[in-house]
Amino acid sequence: MHIAFAASECVPFSKTGGLADVVGALPRALAAAGHQVSVYCPRYRQTKLADAVTVVPSITVPFDDRYRFCSVWSGGNHSGVRFYFVDYPPFFDRDGLYGTSTGDYPDNAERFALFSRAVLEASKILGVPQVFHCHDWQSGLVPVLLRTQYAEDPAFRDVATVFTIHNMGYQGLFSADTLPLLTLPWDLFTISKMEFFGNVNFLKGALVYADFITTVSRKYSQEIQTTEFGFGLEGVLRNRAATVTGILNGADYEEWSPERDKFTVARYSTDDLSGKTKCKRDLLAAFNVSNPDLSLPVIGIVSRFAAQKGFDLISQIMDRLAREEMITVALGAGDKPYEEMFLRLQKQFPQKIAVKIAYDNALAHKIEAGSDMFLMPSKYEPCGLNQIYSLRYGTVPIVRATGGLDDTIEPWNARTGKGTGFKFSEYSGEALLETIKEALRAFRDPSSWQKLMRNGMAKDFSWNASAKEYVRVYEKALQSQAPQSPTAVALTAV
Ligand code: ADP
Ligand code: GLC
């Protein structure tokens, strides 16, 4: 099968979060299973291409006032996957992918509309796939365009679309006049299509027009059909419930394994955990913790700082958490109020919490390896990757039971010796505090703690199983496209 991914980020070329990890790894798993896979991404300032060549010199993209001309570069073939980059420096040669810490770029609708149109046009030259697999609102116009302006285009006659929701919290909402600006027809501006409380909603368009919809865990696929988690699109999803599947993200263990991590001072495995202590010492040094007591548990945090991640709960309990025997190390960047909150907590409790406001992949690996526990108190979490990585590093996750966090972490039971982490349900500081205390108590019994670590390390969340589930969805999407046989048409007509 030939599948083309269209996404706004992809490891190792660009990344702000887990979407990039998924788009970096799932195509390789599909290629390993014998499929032909290409990946389209924008070419940002942070996208480093060795030996890049132009493969499509000029694509014309219409806007209401002018034409824009972009090109497509090849990023080569990696593990059987072809990478293509839409190049349009006025839109993509910028510091951030989507904006700065003060907000989104005001022309994001134009930027990602240009990307989506360029993907379709480029594919006509580079090879039309059987399935376009699009991700999040930034490529949401691909299914919309295919079923509207490109509906009569013979190149795309039998092409199916699958759309994956990585996060319902980001929808690509723009003012109504965006439609004419992007030369999209006004008949898309209805409640059953892209209109959303007077605005244009790219994600809604994708949910309406994609043949099949997936999201990144089973639990989240159910949650987003409710008012609490649907961000206003729960009704649209419920209408399409028969085409919605939850497929858990995998982990790329080439990148995220204590046995072969390129960024840590020592390697370790279930057979020999001794390297983890060296990683802990190195981690605390990286956070400038002087004279560290290595017997104290270290709780790690690596995160985008956004309301979704639940860090307001930490600030509610930090004064009481500070009485416990532990130290927290936090790495993150994002929304200003959370950056300031963490810096404030560090100032207030310098012995208890060390903070780095940065995006730093090497340090993220050091935290996975050197911490004893990993904290994700998310308000909602479509899948979450760091808890899955943490399991492999024997770094015990403490999570809120939501979305993929609930699907991947089993509560520890010291009596039976079963379980992989600690979780709480109620979104409250009290519940978080109680759960952290429970984890700290468990840590005091080294032999049962090692059992808990090993339970997590033995879990296998590699991509193979999930890639197979995606193939089943692609097949269903293709079947939904297959022209009906004359008999079937006749029967339907009767
Ligand atoms: P989300 O996609 O919502 O940000 P995930 O848990 O799915 O959450 O994935 C986050 C990914 O981004 C992980 O690979 C994590 O290591 C990485 N990451 C997040 N914040 C940072 C940071 N400040 N520095 C380095 N890596 C980060
Ligand atoms: C999103 C979600 C995260 C998920 C990631 C990759 O950014 O917030 O939970 O793991 O996408 O699917």
Side-chain angles (χ1 to χ4, degrees), residues 5 7-12 14-26 46 97-98 101 133-138 163-171 203 214-221 223-224 229 231 246-256 261 263 286 300-311 329-335 338-339 342 355-369 371 374-393 395 397 399-400 402-409 461 463 466 470:
F5 278 58
S8 58
E9 45 185 280
C10 170
V11 161
S14 50
K15 173 165 171 176
T16 67
L19 168 63
D21 293 19
V22 173
V23 181
L26 171 59
Q46 66 167 245
L97 267 51
Y98 314 120
S101 62
H133 186 172
C134 306
H135 301 261
D136 279 355
W137 73 264
Q138 293 88 345
F163 183 83
T164 298
I165 303 163
H166 294 264
N167 199 325
M168 286 289 270
Y170 302 86
Q171 303 191 346
L203 177 61
T214 72
T215 187
V216 290
S217 67
R218 192 194 49 78
K219 176 107 189 230
Y220 194 60
S221 75
E223 287 174 338
I224 53 182
F229 295 96
F231 286 93
I247 303 178
L248 195 69
N249 286 335
D252 181 355
Y253 290 128
E254 293 291 313
E255 281 296 310
W256 297 95
D261 196 310
F263 299 101
I301 292 172
V302 177
S303 189
R304 280 186 302 116
F305 286 160
Q308 167 196 350
K309 301 295 178 180
F311 294 124
V329 296
L331 166 67
D335 297 352
Y338 294 100
E339 294 187 350
F342 271 105
V355 174
K356 283 216 195 273
I357 304 296
Y359 184 89
D360 182 336
N361 186 43
L363 193 54
H365 282 255
K366 284 177 191 285
I367 293 177
E368 286 295 358
S371 307
F374 194 92
L375 183 60
M376 293 177 79
S378 307
K379 193 174 232 165
Y380 75 92
E381 195 63 71
C383 177
L385 291 169
N386 282 111
Q387 85 281 13
I388 299 179
Y389 303 152
S390 297
L391 289 174
R392 186 46 66 102
Y393 284 82
T395 299
V399 304
R400 195 168 94 82
T402 181
L405 297 176
D406 200 22
D407 284 356
T408 51
I409 304 305
F461 288 100
W463 268 105
S466 298
Y470 275 108

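For ligands, and for the atoms within them, numbers begin at 1 and follow the listed sequence.
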task: Check if G404 has a non-hydrogen atom at a distance under 4.0 Å from any atom of ligand 2.
output: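 Heavy atoms of G404 never come under 4.0 Å of ligand 2.
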Give a yes or no answer on whether the side chain of [X] reaches the backbone of [Y] with a donor-acceptor pair at less than 3.5 Å.
X    : Y    : answer
Q171 : F231 : yes
S378 : G310 : no
S303 : G332 : no
T395 : E368 : yes

For [X], counting its heavy atoms only, list the atoms of ligand 2 lying under 4.0 Å from any of them.
X    : value
V216 : 12 (O)
Q308 : 8 (O)
N167 : 8 (O)
V22  : 6 (C), 12 (O)
N249 : 6 (C), 10 (O), 12 (O)

Taking only heavy atoms of [X], which atoms of ligand 1 are found under 4.0 Å from at least one of them?
X    : answer
R304 : 1 (P), 3 (O), 4 (O), 19 (C), 20 (N)
L385 : 5 (P), 6 (O), 7 (O)
Y389 : 14 (O)
G17  : 2 (O), 4 (O), 11 (C), 12 (O)
D21  : 13 (C), 14 (O)

Give me the nearest non-hydrogen protein atom to [atom] as residue plus atom name, then the distance to 0.1 Å.
atom                    : answer
atom 11 (C) of ligand 1 : G18 N, 3.6 Å
atom 27 (C) of ligand 1 : Y359 CE1, 3.4 Å
atom 3 (C) of ligand 2  : E381 OE2, 3.3 Å
atom 15 (C) of ligand 1 : N386 OD1, 3.1 Å
atom 1 (C) of ligand 2  : H166 O, 3.1 Å

Look at the aromatic rings of [X] and [Y] and report parallel, tilted or perpendicular, splitting at 30° and 60°.
X    : Y    : answer
F263 : H365 : tilted
Y220 : Y380 : parallel
H135 : F5   : parallel

So, taking the atom named [atom1] in [X] and the one named [atom2] in [Y], what distance separates them when rounded to the nearest 0.5 Å?
X    : Y    : atom1 : atom2 : answer
I409 : M376 : CD1   : CE    : 9.0 Å
F229 : E381 : CZ    : CD    : 11.0 Å
I388 : L248 : CD1   : CG    : 5.0 Å
N167 : I224 : CG    : CD1   : 10.0 Å

message: Can you tell me if K15 contacts ligand 1 (heavy atom of the residue under 4.0 Å from the ligand)?
response: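 Per 4.0 Å heavy-atom rule, K15 contacts ligand 1.
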- prompt: Below 4.0 Å from any atom of ligand 1, is there a heavy atom belonging to G384?
  reply: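 Under 4.0 Å: yes for G384.
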- prompt: Would you say D360 has any N or O atom under 3.5 Å from an N or O of ligand 1, going by distance alone?
  reply: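 Yes, D360 has an N/O under 3.5 Å of an N/O on ligand 1.
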Taking heavy atoms and a distance under 4.0 Å, where does [X] meet ligand 1: side chain, backbone, both or neither?
X    : result
S303 : backbone
K309 : side chain
A358 : backbone

query: Polar-atom distance check: C383 versus ligand 2, any N or O pair below 3.5 Å?
result: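 Looking only at distances, the answer is yes, because the N/O contact criterion of under 3.5 Å is met.
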message: Are any of the N/O atoms on G384, whether in the backbone or the side chain, positioned under 3.5 angstrom from an N/O atom of ligand 2?
response: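 Yes, G384 has an N/O under 3.5 Å of an N/O on ligand 2.
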- request: List the steps, then state whether side-chain hydrogen bond (donor to acceptor under 3.5 Å, both in side chains) holds for S8 with Y98.
  value: CA-CA 9 Å; S8 58; Y98 314 120; 2.8 Å; yes
query: Do the charged groups of D407 and R218 touch, with an N to O distance under 4.0 Å?
result: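 Yes, D407 and R218 are salt-bridged.
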query: Side chains of V329 and S371: closer than 4.5 Å at any heavy-atom pair?
result: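 V329 reaches S371 side chain to side chain.
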